[in-house]
Engineer: 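Encoded as structure tokens, here's the structure I'll be asking about.
Note that these values count all heavy atoms, side chains included, but never hydrogens, waters or copies made by symmetry. For the single chain, residues carry numbers from 1 onward in sequence order. Not measured: the values here are computed from a predicted model. All ligand and atom numbering here is 1-based and tracks the order in the structure.
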Amino acid sequence: MSYSRLDRPVQFLKGVGPRRDDAFRKLGLGTARDVLYHLPRRYDDASTLMPIEGLKVGEDATVAGTVRSKGVLPTRKGLRIFQAVLRDDSGMITCSWPGQPWLERKIREGDELLVTGPVKFFHGRQLHPREFTVLSREGRGQKGRSGSGPRDAPGTVFVSYPSSDEIPQWVLRRVFEENLDWLLEAADEDEYLPEEVRTGLGLPGLGEALRRLHRPREPSEPESGRRRLAFDELFFLQLVQALARLRQAREEPGMAFSRTNRLIRPLHEALPFQLTDAQARVLREIFQDMTSARRMNRLLQGDVGAGKTLVALFAMLLAVEDGAQAALMAPTELLAEQHALSIRALLEALPQEERPPVALLTGSVKGRAREETLEGLREGQIPLAVGTHALIQDGVAFRRLGLGVVDEQHRFGVRQRMALGEAGPDGARPDVLVMSATPIPRSLALTLYGDLDLSVLDELPPGRTPVTTLLRRPGARDEIWAGVARELDRGRQAYVVYPQVEASENTELLDAVQEHERLAGEVFPDRRVGLLHGRVPADEKEAVMRAFRDGEVDILVATTVIEVGIDVPNATVMVIEHAERFGLSQLHQLRGRVGRGGGEAWCILVSAGGDAAEERLRAFVSTTDGFRIARVDLQIRGQGDLFGAQQHGRDPLLRFADLLVDEALLEEARTLARQIVESDPELALPEHQAVRDRLESHYAERFRLWKTG
Ligand code: ADP
Ligand code: MG
């Protein structure tokens, strides 16, 4: 790998030196490259810049000028005001900073300042800066170059960098002034995109992109520069993932199943409904993977109720038809049991002698039953297993596992997900299908799970009535309970959801245990009110669930344990207390528990509000489309937060890319990355040398992570 000038330690930059070395490092700038990628946080251009002469009292102004004089003015009330007189080509104005006498030490005569703030009237016009930047300082090695000061040609865009006390704005500006030319040249030596590819994508070269960011000639330039850097980030992430996929495919041969239709066709024909177009499409994608020798590693995303279980079942049957086994792993016992029940119910459509047995394996399956199940899996008499993580614990072995399905994959770690796909005795690896009912925007999915192929069920089976969602204040509770009572009178059932199990220090929050007592005793004394939360023992949980499913409980008071997988079509209303406490995607999951019966259904969010909460909840009320909700969630919380939830900390490799804005760019980066990997898997061709260099120097760690899964 070649040494780049950009790897030089920062102290070798002109204007830094050993004296400022430490301070630069504290800003995170250790090398020339760090400095080059230290981008302005703010741009001011001529259209925002006003001539001082024309400033009017009452308006908000941004001006640039030279400090002609300055001083601290005491007032009668003892307040000390720092003042500086600023001059540009058109005139002069006094800038005042009440209560900030220390600025006396920061601002000098001859400094060129950029200031923003309201123009007021105090003994004439005065500007009260909210913000100011020392653009440059006189007599300090200033070379008198043009292109930096406020008296530049019209059209100049002023840049402000993230700075520190030790490295103020003017120092940074000077360092860029003295070094940017060679830094940009060096940047071009890093260029890995051939000119024609760049042109095709409408992206500037690297040096040009960084020039547009550091020294823009017009206001639109920084954004086009940013797009180029965003492309680089997205491209290399996709490249790493494409390479990891390729290696996986080579080193971990998959199984190629042949489709006999022995089970799939009769089940398909016996279904009481038609597959949705989306289901049919997704099944084609899955079958194609499973019948090829390449190992399947696929993410199936679909909104609540989109019919993922059925898709999973068909996929499992493809493996079983060919004499292999298939397992479905769910995050909770309840969900596993429910899957087992619904799969058995769907299989009823097959003649009994054809019907493959389905085993349930959870932590509660013990003793003889467990022994028998384990033996059946080991010997291969049991083709279909449904369970929790109990499926991947020591002592569980399959004779020939052909497909592992992981439901609600975000609840499992990568390692657990992989465990289900571990190679069997013959060295072949089972196909893996992971399912998620938490829709996330495609761009995010491709970034987080780029090693997986993506299938999306973007269509609900027909005949579903959208759940009517309402936002209410706590004061409206009587009315809400009256509404619930009306539904119960019609023979329907209700959920009431609380954010916590029991009263905690946070006494302002209602909790499931106490409210269950109150609802059962005072509000609905004539109704059967059940309680379900994470601390209820497993067998009791199951009893409560069954009772609710069988209509023996009218109201189920619960925490988010019901978020996944409870399927009670007769439940038509859900009340969610302290709705602001839940994430939008979580609310979406909860809401998915009602409206499963085809009739009208309600979801009532109770919240005392708060501005931020209000905005989120209103967005949630306005749509039932999980993908839209996910986008709003991403917009409101920011991608940093999303990565935080999923990967512990914002992805440090995505500084410039914005997954909501750059979706198209991501697709292009992905296409290019895959093309390169397909045509030159080792990146051995001379034209890929630069790509390989950069991959090895910047993304080695990431690559290692992907390789080890
Ligand atoms: P998901 O797991 O995606 O939330 P499910 O697989 O639980 O959704 O399906 C929800 C309900 O819809 C189930 O009762 C299922 O039997 C039914 N269903 C699945 N596919 C169809 C279809 N194509 N037409 C009608 N109903 C369907
Ligand atoms: Mg499901």
Engineer: Using the ring of Phe620 (Phe, Tyr or Trp, six-membered ring only), decide whether Arg591 places NZ or CZ under 6.0 Å from its centre and within 45 degrees of its axis.
Structural biologist: yes
Engineer: Quick one: do Tyr495 and Phe548 satisfy ring pair (Phe, Tyr, Trp, His ring centres under 6.0 Å)? Show the steps, please.
Structural biologist: CA-CA 10 Å; Tyr495 297 98; Phe548 189 64; 5.0 Å; yes
Engineer: Kindly write out the residues that satisfy side chain to side chain contact (heavy atoms under 4.5 Å, CB included) with Pro461, not counting sequence neighbours, or none if the list is empty.
Structural biologist: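 Side chain to side chain contact (heavy atoms under 4.5 Å, CB included) list for Pro461, sorted by chain: Thr276, Arg464.
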Engineer: Report yes or no: does a heavy atom of Ala437 sit under 4.0 Å from some atom of ligand 1?
Structural biologist: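 Under 4.0 Å: no for Ala437.
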Engineer: Taking both backbone and side-chain atoms of Gly307, is any N or O found less than 3.5 Å from an N or O belonging to ligand 1?
Structural biologist: yes
Engineer: Taking distance alone, with N or O pairs closer than 3.5 Å, would you say Leu346 contacts ligand 1?
Structural biologist: no
Engineer: Heavy-atom contacts under 4.0 Å between Thr309 and ligand 1: side chain, backbone, both, or neither?
Structural biologist: both
Engineer: What do you reckon, does Ala306 have a nitrogen or oxygen under 3.5 Å from a nitrogen or oxygen of ligand 1?
Structural biologist: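 Ala306 vs ligand 1: N/O contact under 3.5 Å present.
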Engineer: Is any NZ, NE, NH1 or NH2 atom of the basic residue among Asp458 and Arg281 found under 4.0 Å from an Asp or Glu carboxylate oxygen of the other?
Structural biologist: yes
Engineer: At less than 4.0 angstrom from any non-hydrogen atom of Thr276, what atoms of ligand 1 do you find?
Structural biologist: 23 (N)
Engineer: With a 6.0 Å cut-off (strictly less than), is the heavy-atom count around CZ of Arg265, excluding the residue itself, greater than 12?
Structural biologist: no
Engineer: Which of the numbered atoms in ligand 1 are under 4.0 angstrom from any heavy atom belonging to Gly305?
Structural biologist: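 With Gly305 as reference, the close atoms of ligand 1 come out as 1 (P), 3 (O), 4 (O), 8 (O), 10 (C).
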Engineer: Determine whether more than 12 heavy atoms belonging to other residues, nucleotides or ligands lie under 6.0 Å from atom CD of Gln288.
Structural biologist: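 At most 12 heavy atoms, drawn from other residues, nucleotides or ligands, come within 6.0 Å of this atom.
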Engineer: What atoms of ligand 1 come closer than 4.0 angstrom to any heavy atom of Leu275?
Structural biologist: 23 (N)
Engineer: For ligand 1, which atoms have a heavy atom of Gln274 less than 4.0 angstrom away?
Structural biologist: 22 (C), 23 (N), 24 (N)
Engineer: Do you see a donor-acceptor pair shorter than 3.5 Å between the side chains of Thr572 and Glu487?
Structural biologist: yes
Engineer: For Ala315, enumerate each residue passing the side chain to side chain contact (heavy atoms under 4.5 Å, CB included) test, keeping only those at least two apart in sequence or located in another chain.
Structural biologist: Ile286, Met290, Leu403
Engineer: Could you see which bit of Asp303 sits under 4.0 Å from ligand 1, with heavy atoms only: side chain, backbone, both or neither?
Structural biologist: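 Backbone only.
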Engineer: I'd like to check which ligand 1 atoms, numbered from 1 as shown, lie under 4.0 Å from a non-hydrogen atom of Arg596.
Structural biologist: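 Those of ligand 1 that fall under 4.0 Å from Arg596 are 7 (O).
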